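Below is one structure; the comments refer to it alone.
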Amino acid sequence: MALAATKPKRNLPLFQTSGSIIMLLAVIAFFAVVAPGFFSLSNTTNIIRQGSILALAAFGQTFVILIGGTDLSIGAIMGLSTSVTAMLMLKGVDPVFAVLIALMIAAFCGMLNGIVVNVIGLDSFVATFGMWSMALGIALVVTEERTLYGFPGVLRVLHDGTVLGIPNPLILVLVICGILHFFLKRTATGTSIYAIGSNLEAARLSGIPVVLRKTLIYTFSSFMAGLAGILFLARSNSASAIDPIGYEFDSICAVVLGGTAMSGGRGGVKETLIGVTLIATLRNGMNVAGVNTYLQLVLLGVILILAFVGEKKKQSLYKRASSRPVTASGGTL
Amino acid sequence: MTTEMIPARKLEAEGGRRGWATMYRFITLLLFVALAVVFVPRFASQANLLNLTRNIFLLCLMGCGMALSMLIGGLDLSLGSVGALSSVLGATLIAGGHISLGVAVAIAVGAAIGFLNGFMISRFKLPDFIMTFSMMYIARGLALTYTQGQATYNLPRPFLWIGKGFVGPIPVPVIISLIVLLILFLALKYTTFGRGLYAVGANKKAALYSGISVPRKQIQAYTISGLLAAVVGLIYVARLNSANADLGQSWTMDAIAVCVIGGISFAGGEGNFLGLLMGGTVIGIIDNCINLLGVPSRFQDFFMGLVVVLTVTADHYAKKRQ
């Protein structure tokens, strides 16, 4: 981080952000031509509403990826918070309490993730994949493997409502994005997250409570997944444990396409917002153009792999530019 | 406790750890069997034991592919989806009467996808779990696109033999699984191919400097993993007499659980294929008891996740103590 003034490093994020913006514009232009009805006000609000769920989940994922981890449990945690909220509301619990309890459960799962990864020291994808399985299992038990519906529609205002013509979910996402951006870039705790991501040992030696911060980040990620689950519930007005499965995949796609480095320490929520817009636009465009849902999975998988190949290429370019050729060729293994 | 500690401490550090790990696993296994026999009704019935044996060996077979990828320090998350894709493709041909062609196509597809996984991981240095995670969705998406949600039924009788048949008193899947386990066990222990896999998993740089082609080993491991996923897929299709793109959603987690309990290390370069038998037995018994006790079937997901995290944690601490 201290070397941020050297030339290649300063140019890199700029290139990445503009790269994903160019990609976004290209995608929009492509679908505007190919799919009639794509470029309309109603469809745009639809994209925003779809994308806002992903945005919330991806913000949490961004934090985990910034510290060099991955959270594979996001989809299952969303399913869990959706199911718990629906189940509680069906039992007659006040919706506000139902939401709070669901969020607390989600955060608790995240805390377990954090403890298993940081205190015990397992790989993040092993621990979070285990949590994925556990949360899915509990959610399926809560919903009894059915789709729950018929609860009061109070939450729908979160998704359907507008303030001064602006959809509520957009306001929610922008406010949260603003707060998180400010937190990451302007507060000492926020910048310490970058420090942890770029060099864990250096961060620890400079007195940052690494284990605590990292555990809290996993907790936060699951909390955001819980929030995304609530918005998912508000959108579909029915709850099933399995429907949100797959958001972990979309969220990693969004974060990586936005330009946050998988190795940690580089990126942010602003970039993720662009990545989310890209994924949401792609998904929506493919829907409007009549590409079936199954094929969309295939395309997203290919895109994620390509994004990674691109990131690796860029890293090796950067390495070659910033270090002597001997270390670059010897150290790439 | 203390009487057991003394001989363990006397052993060399390495041997002691192995001894302890095996002992701990064996005790867990015995505990499971004892609990199951005492508390679960119908557990010890002949029909159930036959069913259990078949499941245990299928779990071992799933674990084989995963274990190979874990040995080189990777992870194959695409296992279930690859099994589904290759078997639905093969099933179309098989249902048309071309049994051997269908089986060959399924296995070739599985191996090809595995090869692609290995190639991308070694050539572009992608993180293993990202490549195979993407492949999990790609293969599932392709399988669903191909079948459009329709299952293929009424497969020819000779093919069903793979899943339902017997040789003498022994079910065919058990025999296939035993053969694969034996071949892999011997290959890993006594051939340069196998020693190379261990070397790559233990230390990539050291393996490279001692003249082992790391990319080639990675490609080999993932290709065999994909191939075995296709074999498991075919056996399941033959057993269910239907090929469906939804096949194998839980295989990845099951396979990881089998490997972890079987003593294959996530860090790579450590583990024994005979351990998979133990892993398969534990997971098979857990699954079986959950079914017999009438616990909601999807609660298995919860247990698998819990078992994986707990076992890896226990291993981690066992290593730390050394």
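Model, not experiment: these values are computed from the prediction. Just so it is clear: chains get the letters A, B, ... in the order the sequence lines come, proteins before strands, and each one is counted from 1.
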Please give me the minimum heavy-atom distance between [X] and [Y], naming the atom from each residue.
{"X": "A:L122", "Y": "B:T313", "answer": "CD1-OG1, 3.9 Å"}
{"X": "A:V309", "Y": "B:M120", "answer": "CG2-CE, 4.0 Å"}
{"X": "B:M304", "Y": "A:S133", "answer": "CB-OG, 4.3 Å"}

Could you check which of [options] has the highest count of heavy-atom pairs closer than 4.5 Å to chain B?
{"options": "A:I305, A:L304, A:L299, A:L300", "answer": "A:I305"}
{"options": "A:I252, A:V298, A:L295", "answer": "A:V298"}
{"options": "A:D123, A:V116, A:I303, A:T70", "answer": "A:T70"}
{"options": "A:G246, A:A241, A:A127", "answer": "A:G246"}

Kindly compute the distance separating CE (B:M136) from CG (A:L297), expressed to the nearest 0.5 Å. 10.0 Å
Output the distance between atom OG1 (B:T145) and atom CD (A:Q296), rounded to the nearest 0.5 Å.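 Rounded to the nearest 0.5 Å, the OG1-CD separation comes to 10.0 Å.
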Non-hydrogen side-chain atoms of B:Q148 and A:N292 separated by less than 4.5 Å: yes
Is it the backbone or the side chain of A:L72 that comes under 4.5 Å from a heavy atom of chain B, or both, or neither?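 For A:L72, side-chain heavy atoms alone lie under 4.5 Å from chain B.
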With only heavy atoms counted, which part of A:F125 is less than 4.5 Å from chain B, the side chain, the backbone, both or neither? side chain
Proximal to chain A - members of residues 126-134 of chain B, heavy-atom separation under 4.5 Å: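 Hits under 4.5 Å: B:L126, B:P127, B:F129, B:I130, B:M131, B:F133, B:S134.
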Positive for side chain to side chain contact (heavy atoms under 4.5 Å, CB included) with A:F129, one of B:L75, B:V309, B:I256: B:I256
